[in-house]
Amino acid sequence: MANRPARGPKVNAAGLSKADYNGRPTTLCKGCGHNSISSQIITTCYELSIKPWDIIKLSGIGCSSKSPAYFLGQSHGFNALHGRMPSVGTGALMANRQLLAVGVSGDGDSGSIGMGQFKHMMRRNVRMVYIVENNGVYGLTKGQFSATADEGQFLKYAGKNELPPIDLCIEAIVAGAGFVARSFSGDAKQVRTLMKAALSYNGTALLDIISPCVTFNNDESSTKSYPFGKDNELPLHDLTYVPSFEEIEAVEYEPGEMQNVDMHDGSTIQLRKLEEDYDPTDKMGALHRLQWAEQKREFITGLIYYDDKRKPLDEVEMLVDEPLATLPDEKIRPPKEKLDMIMNELL
Amino acid sequence: MANRPARGPKVNAAGLSKADYNGRPTTLCKGCGHNSISSQIITTCYELSIKPWDIIKLSGIGCSSKSPAYFLGQSHGFNALHGRMPSVGTGALMANRQLLAVGVSGDGDSGSIGMGQFKHMMRRNVRMVYIVENNGVYGLTKGQFSATADEGQFLKYAGKNELPPIDLCIEAIVAGAGFVARSFSGDAKQVRTLMKAALSYNGTALLDIISPCVTFNNDESSTKSYPFGKDNELPLHDLTYVPSFEEIEAVEYEPGEMQNVDMHDGSTIQLRKLEEDYDPTDKMGALHRLQWAEQKREFITGLIYYDDKRKPLDEVEMLVDEPLATLPDEKIRPPKEKLDMIMNELL
Amino acid sequence: MAIREAASQAAPLPEGVDPIVNDFSIVVATANGTGSQTANLAIMRAIFKMGIPVNGKNIFPSNIQGLPTWYHIRVSGDGYVARRANSEVLVAFNEATAIEDLQNLPSGGVCIYRDDLKGLPNREDVSMYPVPVVKLLKEIGAKGQFRDRYTNMLYVGVVAYLLNIDLEKVDLALDIHFKRRRKLVDMNMDVIKLCYNWAAENLTKTDPFVVEPLDKTEGKILMTGNDAAGLGTVFGGLTVCTWYPITPSTSMIDAVNAYLPRMRVDEESGKATYAVVQAEDELAAIGMVLGAGWAGARSMTATSGPGISLMSEFVGLGYFAEIPGVIWNIQRVGPSTGLPTRTGQGDIIPAYYCGHGDTKNILLLPGTIHECFQMGTTSFNLAEQFQTVVFVLSDLDLGMNTWMSEVFDYPEEPINRGKVLTAEEVEEKGFARYKDLDGDGIGYRTLPGTKSTKAAYFTRGTGRNSAAVYSERAEDWLETMDRLMRKFDTAREAVPAPIVEEMDDSSYGIISFGTTMYAIEEARDRLAAEGTKTSFMRLRALPIGQAVRDFVAKHDRVYVIEMNRDGQMHTILRDEMPEMNMKMISIAHQDGMPLTARYVVDRLNELEAQHGK
Amino acid sequence: MAIREAASQAAPLPEGVDPIVNDFSIVVATANGTGSQTANLAIMRAIFKMGIPVNGKNIFPSNIQGLPTWYHIRVSGDGYVARRANSEVLVAFNEATAIEDLQNLPSGGVCIYRDDLKGLPNREDVSMYPVPVVKLLKEIGAKGQFRDRYTNMLYVGVVAYLLNIDLEKVDLALDIHFKRRRKLVDMNMDVIKLCYNWAAENLTKTDPFVVEPLDKTEGKILMTGNDAAGLGTVFGGLTVCTWYPITPSTSMIDAVNAYLPRMRVDEESGKATYAVVQAEDELAAIGMVLGAGWAGARSMTATSGPGISLMSEFVGLGYFAEIPGVIWNIQRVGPSTGLPTRTGQGDIIPAYYCGHGDTKNILLLPGTIHECFQMGTTSFNLAEQFQTVVFVLSDLDLGMNTWMSEVFDYPEEPINRGKVLTAEEVEEKGFARYKDLDGDGIGYRTLPGTKSTKAAYFTRGTGRNSAAVYSERAEDWLETMDRLMRKFDTAREAVPAPIVEEMDDSSYGIISFGTTMYAIEEARDRLAAEGTKTSFMRLRALPIGQAVRDFVAKHDRVYVIEMNRDGQMHTILRDEMPEMNMKMISIAHQDGMPLTARYVVDRLNELEAQHGK
Ligand SMILES: Cc1ncc(C[n+]2csc(CCOP(=O)(O)OP(=O)(O)O)c2C)c(N)n1
Ligand SMILES: Cc1ncc(C[n+]2csc(CCOP(=O)(O)OP(=O)(O)O)c2C)c(N)n1
Ligand code: SF4
Ligand code: SF4
Ligand SMILES: [Mg+2]
Ligand SMILES: [Mg+2]
């Protein structure tokens, strides 16, 4: 299957058309940011020629968490409980370490009820793309403030939000995550590039994607709205993802303008810096920049932090290469001699 | 009661002896760090002449969380569920905003199962002293690693800890807390001073006190041990707490050596700087310093971060001054006219 | 668009046809998120204002926009308000379901439909009324977001004309809905009248359904159960309310949030005599409730199934450490996420036994919106009297749908704070928190802040003696647990008594609780008309008291009717009355929809054929 | 300290006294955290190695250091292993409880005590043997942390001398305990021998209690239930284990962690065929179990009461979305935190109904350590066959105390992965996840990673049709829920059958489960000796099958014995067998201590006086 079949340009290296990556028709609102993200997931997987059975999709509860039904219809999916996607994902990836995993959550799902699991997944570095479709409200329950809502924001239904927002990128970095990015569902190209890189990452990759809720939180006064995002997005860099099987294009740049991040699977992320001093491999710099952005209501996007020194959980656990799920009986039940050995010790 | 009674120096301004602040005999291990902290709570409340009925003590589950039974025996206490002290405290302080509250938790209780409630309490800024008796292990369940254990640490029973530690001070700051301190249960004076200041703070005051578990985690190779703490404690400043009713002593210092923090109740924290550039009112500086300390295994102590711009939850909720708990019936059941008004609207 | 005059004449009945007056159901099929609720409520409330009993049920999807939703309006001169499986009058405004909706119409029914629906067949046995939506919208000049809104008003006009609904009452209905903002009312009335006129000019009535004014709604209100419950807690002395959003409980909190600032701001200080805290999840919500209850608040939270599961550990603590707190469970269909926008009664066992170890909790079971209001007080009183967690088990049907009721009386139940000692009492008589001084299993408590050095005690979920001191002794454990059982037994006669309607010479008894009563009442009338007399007991709380035993004892057979799969109440009742258990027969059915009288009649007849002699 | 020789002679019996041989209990009272467990196990294992049946129970506080703890060793030539309320031989080494401990001794008992205990009275009717601890420690030259350790060994020497325990067997016991590290063994044996010799020189035996070699433990092992369970899961094909520490389940995970690396490292790669993850809490632990089960692992977690409460929401998801997973609940005393180091059976109802809405879960109920081992396989098999959450309800007594057993046989139960389709099967026959093709209520599933574009399905906790597509339709809901019920019914005859011991002409039946069987077996023998014959059924699982019905049908009265307050199993059995419910009489008792035969005999006789004719 490695070679493109003869059918023409409409299929990818896996022999699949883009439609093969579709899911069921969306039931989200027209214009919902989450729908754009679903599209980017479809495109990404198509472009990377991922086989549908090699990837799983996971989610919690919310409009965002419903969306896995609307992409990758030929892949297994698990729409779990509110705030609990991380644990379900962790279990699934222990059972089968060969799977790629895309988790989709919401700001309420991850920042409110799911804060604990979110933080501990980052600590464990489970190999998975963790997408937060961040709209600053609880969409599915009709517009209450979530933990990422702007301080002082006013919504007709929910009133005034008196609490400071939780910044999930900061939370992920301080919890130990090594791939932390922020993007905007209106910026399809960046979303796609980050997604590809995230799928190459050897651990938990957080994509905090601002994804406006057009029904409940799309006024320009909200930092989670389309108008605000479109007017204020401040990419830290232009990103290009170069998969392992492609050559890196050599383009001339000013010194210091370009930064390459080499990933464990041989792929590379090329960053053309838009913000001069920004170096995503500098943890303190990243935290500092995020704090600053929050104070100034700046909407920075891009690969905020990158570090690949930590092992993912499956390596820490020193798992055999094959999925635990399908080990043959002989490998999961020790032979009689081993039982006899133990019994002898106890006799 | 404001004047000292005639009995002599053995009672405080509330007319109580120090023994009046004792609890039941401790059942913790001899030498446990938590016992020293209990002593400091006793001394602090005695020295501040707090009336026992004006203060409540709250906790989760663990050796640390048992300790409220061992101090302030004449105050109401609530030993709640594992990881859930923050919510119980929030409820209690909504019911009665006049109470002072001391919460005691452990690193497992707050950093593992309680991460979500910990973070959200900081966000809400409930007026309460939140003490984490941090020993890097689950004491009461006999020595498993908690979320604050050192990365790479080895314990005979628990094996090697492969996960990075969670720094509760960082967690508190990024979640919005305005009084964040770290101390060492071996440093009685500092603990006491911080506790007094914390009791004056108009919001959630986190005291992350390294409190060695002598039974399961006291080897000098652990950053949570006595030997390590004694050898490595690096106070950022010398602290003095000056209650509102006392004059601030004017002492001569080099310029920049001294910093005064004025608190909302009229009291003052005097900091004599030991680390020249450290300014606890600078949020990014504080985060930076904590990150740095973690990387270098430095054991910094003192008032790490201070900010009093946020209102505590009871003020955000605009509660009446009296405790909601004891409002008379007329205040909690509207008169008949109000019901008639509503009914008329629906007729 | 100028204010229009409506045609003065209602649709004339076809000749030779007997009218069907005030006894039919309307179903409006639209898509979610299009704002049709305003239109539907206008129709319902207008009929109500004509003096005719009504009930409105919204059958909606778990979705924000675009999926099918059905609004059922039952019109019943006899006052029946249960759901009917089939409606006679269909407003088919949703393309996605129109064909199936039309199929479901009984012969002789009415179909009012958008004329641009694709593929809708004609049914000869149904009166078909097309509405040219696009043309009418153009006439109105509605653009953008107004198109959706006005589309809904179109059918209001047509329905009003065809069914003979008084337009003045429609105006009144909108006036209430829009809280007297006349401009909004007039804009909408204009559209309605335009369509009314259009219908008068273009449609010929071929069906027999009409409304005629009655006098049966005088002094009555229309309200949802969640609004009533929210209002009830405000009058019940609520001081701390915590919550986490979950359908169908959220609208109860919306009501609390709406009423509190209007009624419970302290007049002197202008400050709040209450705190409402949106928690980060249900674990925190119930933790805050117990913390507040412990410190002396009248505290509550509202949630639904998944929330109950998450609250279990805290509920067990509340039971054991004896802390007051109220949980409103507006039930939806479980297990798990289940059908989050459908109604059921599946949390009886989960709530009764909520917690691990031996726990048993007091449950209140409101069946009317008036009871929702009353239990706002009762639940706090019981929680504080019994120092325990009290559940109120409402459901989506009661909570989110719109019901008629007599005007609520000012609560006659006084606020009862339970056994709380003052500093003086403590100093005088001493204090042992868990001592059973009165033999009712209930100890005395003190609140934090009580100004006595003897008032303090330490609350915990671990074993303790009667002085609240930690204890692992077997005797102390037994004493505590036996006392808790005794306390639970005391509650039997203190909780709201069941409501009984007996008929002389009844063939059998029926027990139910909550909203199944509406279908059952109608079913009983029908059965009585067929010659079968029945007696009916509606439970309003658990644990049961003597009245329930007496009722069962009196009858040869008692059918226990409930909306779940496993007959949970039946299980509890049989456990409570083992000596009479074979008399109790379960009718348990849950498919997400409110029970119908038809179902009840059929099942009763079917089972009677088996069990009756 | 050189290796010593022990005096060759055991203590001579006092003249004219009939010896009491191999039939008494020893209780050792010490303080927690002093390491006395090694000494106690040495005594017990030495007696065991002499061929005499024993059982050891640790009654310990919820504390790390300094609080009273009692170790009970039952010595029974007849093989009884239940707890006895009073022990005849007391080792009083804890000042805090010594006076009370001495009071509890029956007349004619033995008290071996530290001679420095303050205020210990002399009891004339008891053989008092003082041990000069300080003096002996000085003689040994023990300092620092060794003082505590050696203090415990002191009493081993004295007890061995007085009771005639073979020192070679003590040596053997320590050899096993210290895993053949001879140096440690010898150091301890030295102390023991010193004290043995001291006792021989200084004490005169005045009591009749002795052990004498038997041949009743040949081929038997001593082990805790948690060790056996841990080992069982390792042989049961465990692949993903998640956990959060909680007493008394932690030691089961300790066993898993100890055995896995020894037995389940892949020989070729040297890598692990398993993952063990310490979760951040129980919500995460069960979430991981379900994620892993969904992806095809044999996954489990172990917890206790509070954990079960926290897991409720996920358990409901597992039930409804049909995901395999195993939860070991090592029960302790609840509600709430309760008595965390005491034993009970209070989570039957909470586990059976765990989840909101209508859920019912399969429970396994091990009663022996051998069953703990076997259920390591059975639990995974049932979870995968029935695609659901399976609970195994052990308890602290079984899990943490030390029991005798026959050597475990290699599991005869094959590993059963349930209905899982391969890519080829999917391609060939198609796939509808929730279709009941076999009429047993169990659908076929596919695992993520199955290399077919038709293998995928979407798992969720919301309503769905049989093809796993989201659905809110009433019919789909009913179909799903009915099938789940059918599946549960299929399980009735697939779970481990009860064990029945009938006596001819028995007066009544007894039903129990778990560790109550030991007291019941002893009680039945005593009753039989008094002339009352009884039949006994020990349940090993829920839901019940035909065998249970038959057993109840056969007897006029059946006593259901369990360790909780509310008679939870009794409630379930009566619900399952309503037509026979009045036959079933509850004996429910929970005070944290394992049941005694005395209690069982007394209660049965008392109730028989009421209910028997
Ligand atoms: C335990 C539990 N509590 C509450 C809910 C109700 N609920 C469903 S979605 C949701 C909020 C989702 O918000 P978010 O994660 O931000 O997703 P969005 O809808 O905004 O995409 C809530 C509270 C639930 N399903 N389960
Ligand atoms: C829900 C729940 N899970 C687990 C436990 C068991 N448990 C008791 S204490 C404890 C850990 C406490 O650790 P920490 O908070 O660090 O306190 P320490 O004992 O170290 O002071 C655990 C896991 C429990 N009581 N409740
Ligand atoms: S409610 Fe908001 S988040 Fe939900 S689907 Fe609609 S736009 Fe998206
Ligand atoms: S185990 Fe550790 S934390 Fe617990 S009381 Fe002992 S020393 Fe303290
Ligand atoms: Mg959201
Ligand atoms: Mg700890």
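All of these numbers come straight from a predicted model, not from anything done at the bench. Residue numbers begin at 1 in each chain, while the letters A, B, ... track the order of the sequences.
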Inset, instruction - Determine the option with the most heavy-atom pairs under 4.5 angstrom with chain D, choosing from C/Arg473, C/Arg574, C/Lys360, C/Arg332. - result: C/Arg574
Inset, instruction - Using a cut-off of 6.0 Å, state whether more than 12 heavy atoms not belonging to D/Arg598 lie near its atom CZ. - result: no
Legend entry - Contact origin within D/Gln345 toward chain C - heavy atom pairs under 4.5 Å: neither
Inset, instruction - Look at atom CZ of D/Arg486 and say whether more than 12 heavy atoms of other residues, nucleotides or ligands are closer to it than 6.0 Å. - result: yes
Inset, instruction - Using a 4.5 Å cut-off on heavy atoms from C-beta on, say whether the side chain of D/Leu67 contacts that of C/Glu472. - result: no
Legend entry - Side chain, backbone, both or neither of D/Ile349 within contact of chain C (heavy atoms, under 4.5 Å): side chain
Legend entry - Partner chain C: residue of D/Gly355, D/Ser336, D/Gly307 with the largest heavy-atom pair count (under 4.5 Å): D/Ser336
Inset, instruction - Check whether C/Leu484 gets within reach of chain D through its side chain, its backbone, both or neither, counting any heavy atom under 4.5 Å. - result: both
Inset, instruction - Below 4.5 Å from any heavy atom of chain C, which atoms of D/Arg342 appear? Answer side chain, backbone, both or neither. - result: side chain
Inset, instruction - Against chain C, label D/His570 side chain, backbone, both or neither, depending on which of its atoms sit under 4.5 Å from a heavy atom there. - result: neither
Inset, instruction - I would like to know whether C/Met485 and D/Asp566 meet side-chain contact (heavy atoms from CB on, under 4.5 Å); could you show each step before the answer? - result: CA-CA 9 Å; C/Met485 199 64 240; D/Asp566 291 342; 3.7 Å; yes
Inset, instruction - Under 4.5 Å, counting heavy-atom pairs only, tell me which of D/Leu317, D/Val315, D/Ile348 racks up the most with chain C. - result: D/Leu317
Inset, instruction - Could you tell me which portion of D/Met582 (side chain, backbone, both or neither) has an atom closer than 4.5 angstrom to a non-hydrogen atom of chain C? - result: side chain
Legend entry - Choice from C/Gly334, C/Gly357, C/Pro335 maximising heavy atom contacts with chain D below 4.5 Å: C/Pro335
Inset, instruction - Hey, could you give me the CG/CG distance between D/Asp476 and C/Asp591, rounded to the nearest 0.5 Å? - result: 11.0 Å
Inset, instruction - State, to 0.1 Å, how close C/Ser312 and D/Ser312 come at their nearest heavy-atom pair, and which atoms those are. - result: OG-OG, 3.6 Å
Inset, instruction - Could you pull out the closest heavy-atom pair between D/His356 and C/Ser309, with the gap in Å? - result: ND1-OG, 2.8 Å
Inset, instruction - Considering non-hydrogen atoms only, spot the tightest contact between D/Pro578 and C/Asn581 and give its length. - result: O-ND2, 3.1 Å
Inset, instruction - Examine whether an atom of D/Arg460 lies under 4.5 Å from a heavy atom of chain C, and if so say whether it belongs to the side chain, the backbone or both; otherwise answer neither. - result: neither
Legend entry - chain C interface, residue from D/Leu283, D/Leu310, D/Ile308 that has the most non-hydrogen pairs under 4.5 Å: D/Leu310
Legend entry - Top of C/Gly305, C/Pro350, C/Ala474, C/Gly463 for chain D proximity - count of heavy-atom pairs under 4.5 angstrom: C/Gly305
Inset, instruction - I would like to know whether C/Leu478 and D/His589 meet side-chain contact (heavy atoms from CB on, under 4.5 Å); could you show each step before the answer? - result: CA-CA 9 Å; C/Leu478 285 173; D/His589 179 75; 3.9 Å; yes
Legend entry - Part of D/Thr341 within contact of chain C (heavy atom distance under 4.5 Å): side chain
Inset, instruction - Check D/Trp477 against C/Val333 and note the closest heavy-atom contact, atom names and distance. - result: CZ2-CG1, 3.1 Å
Inset, instruction - Considering non-hydrogen atoms only, spot the tightest contact between D/Thr571 and C/Tyr353 and give its length. - result: CG2-OH, 4.1 Å
Legend entry - chain C contact via D/Gln568 - which portion, at a heavy-atom distance below 4.5 Å: side chain
Legend entry - chain D contact via C/Glu475 - which portion, at a heavy-atom distance below 4.5 Å: neither
Inset, instruction - Name the region of D/Tyr470, side chain, backbone, both or neither, that has any atom closer than 4.5 Å to a heavy atom of chain C. - result: side chain
Inset, instruction - Flag the one option from C/Gly338, C/Ser304, C/Pro340 with the top tally of heavy-atom pairs under 4.5 Å to chain D. - result: C/Gly338
Inset, instruction - Can you tell which part of D/Phe60 gets under 4.5 Å to a heavy atom of chain C, answering side chain, backbone, both or neither? - result: backbone
Legend entry - Interface residue of largest heavy-atom contact number with chain C, from D/Gly346, D/Cys354, D/Ala351, under 4.5 Å: D/Gly346
